[in-house]
Amino acid sequence: MTPIPFENLIQMYLTLVQDAIQRLQSRYGVATPDAVWSGRIPVAGRVSGMRYRYHGIGCTAVVDGHTVSWDWQGGRTDILDPWHIWQLTHKRPETYGSWADLRVLRQHMQDLAAHGHLEHALAGHSYQLPSRRLPTLAAPVH
């Protein structure tokens, strides 16, 4: 099965993260882990039809049936980590094809970074979008 284009997957992931953050902010006024650890936001709960749970510097939420996980790295929530994207895709291989395989995501993101289409972010295997748009790239064949 040919997965959706990687660019579309990334846009979907970032949109879901922003939707989750907006729902949390609409209820609590803030959404950062600091607000959780100071007691201003419950560690877990339901907000606007969304389930969420904070962990460390991140949060996992179920938004409209999609599980999305992200961290606040350096205050940013647009950092792309293969493991976080895999949290979105791994339970739906019929929808996401080879993007449901963590190894494929990691390799593809490494390849994109090697060709300048993604930039390494703060630490580890994290990436960020460059200032220009991602090109449409062929999906990996596995």
Could you pull out all residues at least two apart from Arg27 that satisfy salt bridge (charged side-chain N to carboxylate O under 4.0 Å, His left out)?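 Arg27 satisfies salt bridge (charged side-chain N to carboxylate O under 4.0 Å, His left out) with no other residue.
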Can you sort out the partners of Asp78 under salt bridge (charged side-chain N to carboxylate O under 4.0 Å, His left out), two or more places apart, ordered by chain and number?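 Counting only residues at least two positions away or on another chain, Asp78 forms a salt bridge (charged side-chain N to carboxylate O under 4.0 Å, His left out) with Arg76.
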To the nearest 0.5 Å, how far apart are [atom1] in [X] and [atom2] in [Y]?
X	Y	atom1	atom2	answer
Leu129	His117	CG	NE2	12.5 Å
Gln11	Phe6	CD	CZ	12.0 Å
Arg106	Asp81	CZ	CG	8.0 Å

Taking every non-hydrogen atom, the tightest pair across [X] and [Y]:
X	Y	value
Pro42	Val36	O-CG2, 4.4 Å
Pro82	Leu105	O-CD1, 3.8 Å
Ile57	Pro33	O-CG, 3.5 Å
Ala61	Ala20	CB-CB, 4.1 Å
Ile41	Thr32	CD1-O, 4.2 Å

Determine, step by step, whether Asp34 and Trp72 satisfy the side-chain contact (heavy atoms from CB on, under 4.5 Å) criterion, reporting the C-alpha distance in whole Å, the side-chain angles of both residues, the deciding distance to 0.1 Å, and the verdict. CA-CA 10 Å; Asp34 291 343; Trp72 274 266; over 6 Å; no
Parallel, tilted or perpendicular, as decided by the 30° and 60° cut-offs, for the rings of Tyr127 and His120: tilted
Validation row: [X], [Y] side chains within 4.5 angstrom (heavy atoms):
X	Y	answer
Trp99	Ile4	yes
Thr77	Ile21	yes
Trp70	Ile79	no
Leu88	Thr67	no
Met109	Leu118	yes

Look at the side-chain heavy atoms of Ile, Leu, Val, Met, Phe, Trp and Tyr, link any pair under 4.5 Å apart, and say whether [X] and [Y] land in one connected group.
X	Y	result
Met12	Leu112	yes
Val63	Val43	yes
Val47	Trp37	yes

Quick check against the 3.5 Å criterion: does [X] have a side-chain atom that pairs as donor or acceptor with the backbone of [Y]?
X	Y	result
His84	Leu80	no
His108	Val104	no
Trp86	Asp101	no

Please list all pairs passing the side-chain hydrogen bond (donor to acceptor under 3.5 Å, both in side chains) test where one or both residues lie in residues 45-66, with sequence neighbours left out. Arg23-Asp64, Tyr28-Tyr52, His55-Thr60, Thr60-Ser69, His66-Arg92
Kindly determine whether Val68 and Asp19 satisfy side-chain contact (heavy atoms from CB on, under 4.5 Å), including the steps that lead there. CA-CA 10 Å; Val68 64; Asp19 185 17; over 6 Å; no
